Every structure is written in structure tokens, then in C-alpha cells.
**Q** 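Below you will find the structure I want to go over with you.
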Number of protein chains: 2
Amino acid sequence: MNNGRFATSIHILTLLEQAGEELLSSEYLASSININPVLVRKEVSNLRNHGLVATKEGKNGGSYLAKPAAQIKLADVYKAVRNESLLGYNKNEPNPACPVGRQINQHLDELYDIAELAVLQKLGNITLAEFCHRFK
Amino acid sequence: MNNGRFATSIHILTLLEQAGEELLSSEYLASSININPVLVRKEVSNLRNHGLVATKEGKNGGSYLAKPAAQIKLADVYKAVRNESLLGYNKNEPNPACPVGRQINQHLDELYDIAELAVLQKLGNITLAEFCHRFK
DNA sequence: TCATTCTGTAATTTTAATTATTACAGTACA
DNA sequence: TGTACTGTAATAATTAAAATTACAGAATGA
């Protein structure tokens with residue numbers, strides 16, 4: 001996960017938390033993050049699919065937290081944006097004719113699972129509310 | 001760290017461990033990993049700078065472990081290839097006029113430090129020798 | 001000594017991933 | 001019914017990663 005999706009999602013959620021009841025538009029969110037509003041809408045869409053955000057369409061629409069920030073763990077955000085592995089694989093398949101090449105990915109999997117569980121455990125201990133509190 | 005550098009380095013070190021005294025060429029390593037030999041030489045060069053690998057130049061040259069596999073922790077490998085943060089930032093600077101944008105990266109830093117320490121702790125518990133043992 | 005086979009590294013090209021942009025339909029409001 | 005939003009697809013631009021080319025330098029050994 002080397003792209004900015006986790007950072008983007010945390011940023012969005014932090015802004016929504018600070019806004020309280022107020023709805024924030026993708027335009028507004030995008031200008032704080034400094035990325036394109038379409039990307040924000042995609043990311044919001046993903047967060048919505050994971051039950052973290054809700055959106056009201058149409059005029060004066062925008063997004064807000066789908067549940068209290070105290071009930072959102074940062075691990076939930078990680079899970080929502082997780083796509084590839086934490087530590088990365090090579091694009092190409094290793095050589096299956098080589099005893100090491102044949103098994104390496106399976107053993108890397110085990111390793112990455114361990115690493116990812118450790119991260120999830122840490123991020124599971126922090127709520128969005130706690131994180132946002134640092135901004136005050 | 002979403003590129004294949006960690007995977008590449010682990011793969012290289014595993015091959016070197018299995019080879020024992022024997023020197024392995026970048027050509028050979030590359031054919032197991034299935035990447036370009038120049039990339040292997042760059043990665044070997046990095047591992048050498050971190051004291052994990054040694055190389056003999058010239059004809060019949062190649063690489064070998066600079067120290068026993070039992071003395072190499074996977075955390076050492078992580079540190080050797082670490083470049084960006086574990087969970088990623090946005091390319092663009094957040095809006096400094098926004099209270100959240102102004103502080104977000106600093107708070108993400110704290111978060112990423114926590115996550116990375118957890119990973120390092122886990123990878124610090126596993127030696128290259130233990131990892132390689134799984135291939136036998 | 002000199003051809004051979006390696007490494008080291010710079011420069012460039014190719015490929016792939018990410019981000020940005022454009023476009024437009026659909027929704028809600030006033 | 002015009003305005004201001006979201007949703008999403010399609011495409012373009014940008015950036016990062018990987019591959020390739022090229023060649024100098026090191027060690028070997030015939």
C-alpha cells in the first residue's frame with residue numbers, strides 16, 4: 001500500500017469528524033487534501049461501502065460520518081483501503097523451476113500476514129475520535 | 001513500500017543462504033526471481049552497504065552472505081530496503097490554510113511510526129536462518 | 001598478456017500504476 | 001426549473017517501477 005489512499009481516507013474522516021453535523025462537499029474535502037474531487041468521491045464511495053461514511057446527494061449535499069468517531073477504529077480504515085500486501089511482491093512470477101522461486105511467495109505470505117496482523121492490532125487500538133483529538 | 005524490493009531482497013538472501021559457500025551470480029539470482037540482473041546487482045549493492053551480503057568481482061565472482069543467516073534478522077532486511085513510509089502519503093502537500101491539512105502529515109507520521117515499530121518488532125523475531133529453514 | 005566472465009553503475013526506454021481531467025446522468029433543493 | 005451537488009465512466013497526463021543498453025573495471029586463468 002504505497003499510494004495515498006490510507007492517508008486520503010484518514011484525512012477525509014478527520015475533516016468529517018471536525019465538521020460534526022455539517023455536510024462537506026467533495027470539492028471542499030479535495031481542497032484540504034489537495035487532490036482531485038473525483039478521487040475524493042471515489043474514496044468516499046469506498047468508505048461508504050464500508051459503513052464509515054454516509055452521503056447526501058443533490059444540492060447542499062455532501063458527506064458525514066456514518067457513526068460516532070469513537071466507534072471507528074483506524075484498523076477499519078486500513079481494512080477499507082487495503083488492496084495489495086503490506087510489504088509488496090514482485091510483479092513477475094518467480095521461476096517455478098527453482099526450489100526457492102517455487103516456494104518464496106507462499107513463505108512471504110506467512111511473513112506478511114504476521115506483519116499485517118501486528119499493524120491491525122495497533123490500529124485497532126486507536127479510534128478516529130482519539131486521532132482527531134490531536135487536532136484540537 | 002509497495003514495490004518489490006523487500007521481496008527481492010528476501011529472495012536474494014534466501015538463495016545465498018541455500019548456496020552456502022558457493023558464489024551466486026546476478027544472472028543466476030535474477031533467473032530465480034525473474035527480474036532483470038541489473039536490478040539484482042542494485043539490490044545486492046544495497047544489501048552490501050547494509051552489511052548483509054558480500055561480493056567478489058570479476059570472473060567466477062558473485063555474492064554470498066556477509067554473516068551467518070542466524071545473525072541476520074528480517075527486520076535488518078526491512079530496514080535495508082525501507083524508503084518511503086509503510087502506509088503512504090499523498091504526493092501533494094495538503095492545504096496549509098486548512099487546520100486539518102496543516103497538521104495531518106505530522107499526525108500520520110506518529111501513526112506510521114507506531115505501525116512500523118510493530119512490524120519491526122515482529123520481523124526482529126525472525127532470523128534469515130529460520131525463514132530459510134522453511135524451504136527444506 | 002589477453003580473452004573471458006563477472007560486477008558496478010549511468011543513461012535511457014518501456015511498462016505499469018497513480019492521479020487528474022473531462023463529461024455527463026441522476027438527485028435534491030428552493 | 002435552474003442550481004449545486006454526487007456517481008461514475010472514459011480518457012489523458014504524470015509519476016514511479018522495471019527493463020534494457022552500454023560500457024568501464026576487476027579477477028581469473030589459458
Side-chain angles (χ1 to χ4, degrees), chain A residues 1-9 11-12 15-16 19 22-50 53-64 66 81-85 87-95, chain B residues 1-9 11-12 15-16 19 22-50 53-64 66 81-85 87-95:
Chain A
M1 180 148 37
N2 209 8
N3 58 11
R5 289 189 59 211
F6 181 77
T8 297
S9 282
H11 197 145
I12 290 170
L15 289 166
L16 296 183
E22 196 187 346
L23 302 199
L24 300 183
S25 73
S26 62
E27 196 78 38
Y28 177 86
L29 296 170
S31 88
S32 171
I33 306 172
N34 193 17
I35 62 172
N36 193 283
V38 176
L39 276 191
V40 170
R41 295 204 285 267
K42 271 189 191 156
E43 212 50 49
V44 163
S45 166
N46 179 57
L47 293 169
R48 187 171 50 245
N49 291 337
H50 285 83
V53 160
T55 302
K56 187 182 167 201
E57 290 189 22
K59 193 172 180 181
N60 303 325
S63 300
Y64 55 99
V81 300
R82 183 192 191 294
N83 52 353
E84 301 263 326
S85 73
L87 295 172
Y89 292 93
N90 280 300
K91 282 270 118 46
N92 308 337
E93 284 297 307
N95 188 344
Chain B
M1 179 144 44
N2 209 9
N3 59 12
R5 287 190 60 211
F6 182 77
T8 297
S9 283
H11 197 145
I12 289 170
L15 288 165
L16 296 183
E22 198 186 347
L23 302 199
L24 299 184
S25 73
S26 62
E27 195 78 38
Y28 177 85
L29 296 168
S31 88
S32 171
I33 306 171
N34 193 16
I35 61 171
N36 192 282
V38 175
L39 274 191
V40 170
R41 296 204 283 270
K42 271 189 192 154
E43 212 49 49
V44 162
S45 166
N46 179 56
L47 293 169
R48 187 170 53 244
N49 291 337
H50 285 82
V53 158
T55 302
K56 187 182 164 199
E57 290 189 21
K59 193 171 178 181
N60 302 323
S63 299
Y64 55 98
V81 300
R82 184 192 190 296
N83 51 353
E84 301 263 326
S85 72
L87 296 172
Y89 293 94
N90 280 301
K91 280 273 119 42
N92 308 338
E93 285 297 308
N95 188 344

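Letters A, B, ... are given to chains in the order of the sequence lines, protein chains preceding strands, and every chain is numbered from 1. This structure is a prediction, so every number in the text was calculated from the model and none was measured.
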**Q** What is the separation between atom OH on A/Y64 and atom C1' on D/dT6, rounded to the nearest whole Å?
**A**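 These atoms are roughly 13 Å apart.
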**Q** Once you round it to whole Å, what is the distance between C1' of C/dA16 and CG of A/N90?
**A**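 After rounding, the reported distance stands at 14 Å.
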**Q** Rounded to whole angstrom units, what separation is found between the CD atom of A/E84 and the P atom of D/dA16?
**A**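 Atom-to-atom, A/E84 to D/dA16, this comes out as 18 Å.
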**Q** Both B/G61 and A/I35 contact DNA chain C. Which one's nearest nucleotide lies toward the 5' end?
**A**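 Result of the comparison: B/G61.
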**Q** How many whole angstroms separate atom CG of B/N92 from atom C1' of D/dA16?
**A**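 Taking CG of B/N92 and C1' of D/dA16, I get 15 Å after rounding.
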**Q** Considering only heavy atoms from C-beta outward, does the side chain of B/R5 approach that of B/N46 to under 4.5 Å?
**A**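 Yes, their side chains come closer than 4.5 Å.
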**Q** Please report, rounded to the nearest Å, how far the C1' atom of C/dC6 is from the CD atom of B/E27.
**A**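 About 10 Å, once rounded to whole Å.
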**Q** Can you see if the side chain of A/S45 gets near the phosphate of D/dG7 - specifically, an N or O under 4.0 Å from OP1 or OP2?
**A**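 A/S45 to D/dG7 OP1/OP2: no side-chain N or O under 4.0 Å.
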**Q** In whole angstroms, how far is the C1' atom of C/dT19 from the CD1 atom of A/I33?
**A**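 These atoms are roughly 13 Å apart.
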**Q** For A/L39, enumerate each residue passing the side-chain contact (heavy atoms from CB on, under 4.5 Å) test, keeping only those at least two apart in sequence or located in another chain.
**A**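 So A/L39 forms a side-chain contact (heavy atoms from CB on, under 4.5 Å) with A/I35.
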**Q** The criterion is side-chain contact (heavy atoms from CB on, under 4.5 Å); which residues satisfy it with B/T55, sequence neighbours excluded?
**A**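 Scan of B/T55 (side-chain contact (heavy atoms from CB on, under 4.5 Å), adjacent residues dropped) gives B/V44, B/R48, B/V53, B/S63.
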**Q** Grab the CD-C1' distance between B/E43 and C/dT7 for me, whole Å please.
**A**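 In whole Å, C/dT7 C1' lies 16 Å from B/E43 CD.
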**Q** So how far is it from B/I33 CD1 to B/L15 CG, rounded to the nearest 0.5 Å?
**A**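 Rounded to the nearest 0.5 Å, the CD1-CG separation comes out at 6.0 Å.
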**Q** Which salt bridge (Lys or Arg N to Asp or Glu O under 4.0 Å) pairs, counting each pair once, include a residue from residues 53-63 of chain B, with sequence neighbours left out?
**A**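 Passing the test, one end in residues 53-63 of chain B: no pairs.
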**Q** How would you list, by chain and number, every residue that makes a side-chain contact (heavy atoms from CB on, under 4.5 Å) with B/N34, sequence neighbours excluded?
**A**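 For B/N34, the residues satisfying side-chain contact (heavy atoms from CB on, under 4.5 Å) (neighbours in sequence not counted) are A/N92.
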**Q** Protein within reach of the bases, or only the backbone? For nucleotides 20-30 of chain D, mark each nucleotide 5' to 3' as B, S or -, using heavy atoms under 4.0 Å.
**A** BBB---BBB--
**Q** Separation of B/L47 atom CG from C/dT7 atom P, in whole Å?
**A**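 Going from B/L47 (CG) to C/dT7 (P), I get 14 Å.
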**Q** Only counting residues at least two apart or in another chain, list the ones meeting side-chain contact (heavy atoms from CB on, under 4.5 Å) with B/S26.
**A**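 Only B/P37, B/V40, B/R41 meet the side-chain contact (heavy atoms from CB on, under 4.5 Å) criterion with B/S26.
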**Q** The side chain of B/R48 lies closest to which of these nucleotides: C/dG8, D/dT6, D/dA17?
**A**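 Nearest listed nucleotide: C/dG8.
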